[in-house]
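This is a predicted model, so every value here is computed, not measured. Hydrogens, waters and symmetry mates are skipped; everything else that's a heavy atom, side chains included, is used.
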Amino acid sequence: MKSLLCKKSLKFVIEIKRKDMYNKAKNLGFTNPQVVNCSQELDLLLNKYFT
């Protein structure tokens with residue numbers, strides 16, 4: 001099991017990435033490659049958090 005500190009820091013990074021993705025989607029559109037890339041990065045972070 002991951003340490004509590006590691007989980008908290010990962011959760012913080014996830015929130016920043018999520019906000020970044022929403023802002024990009026709002027400005028560029030949901031199918032823009034930058035938004036898709038950001039979404040994929042967020043997926044990786046979430047997978048790391050839940051495993």
Residues which pass side chain to side chain contact (heavy atoms under 4.5 Å, CB included) with Leu46, listed by chain and number, not counting sequence neighbours: Ile14, Leu42, Phe50
Within-4.5 Å side-chain heavy-atom neighbours: Lys48 and Leu10: yes
NZ-OH distance between Lys11 and Tyr49, expressed to the nearest 0.5 angstrom: 4.5 Å
Side-chain donor/acceptor of Asp20 to backbone N/O of Ile16, under 3.5 Å: no
Residue pairs, two or more places apart or on separate chains, that pass side-chain hydrogen bond (donor to acceptor under 3.5 Å, both in side chains) and touch residues 33-42: Lys17-Glu41, Asn37-Glu41
side-chain contact (heavy atoms from CB on, under 4.5 Å) between Val36 and Thr31, intermediate numbers included: CA-CA 6 Å; Val36 173; Thr31 58; 5.5 Å; no
Steps toward side-chain contact (heavy atoms from CB on, under 4.5 Å) verdict (Met21, Val35): CA-CA 6 Å; Met21 184 187 71; Val35 178; 4.3 Å; yes
Pairwise side-chain contact, Lys26 with Tyr22, heavy-atom cut-off 4.5 Å (strictly under): no
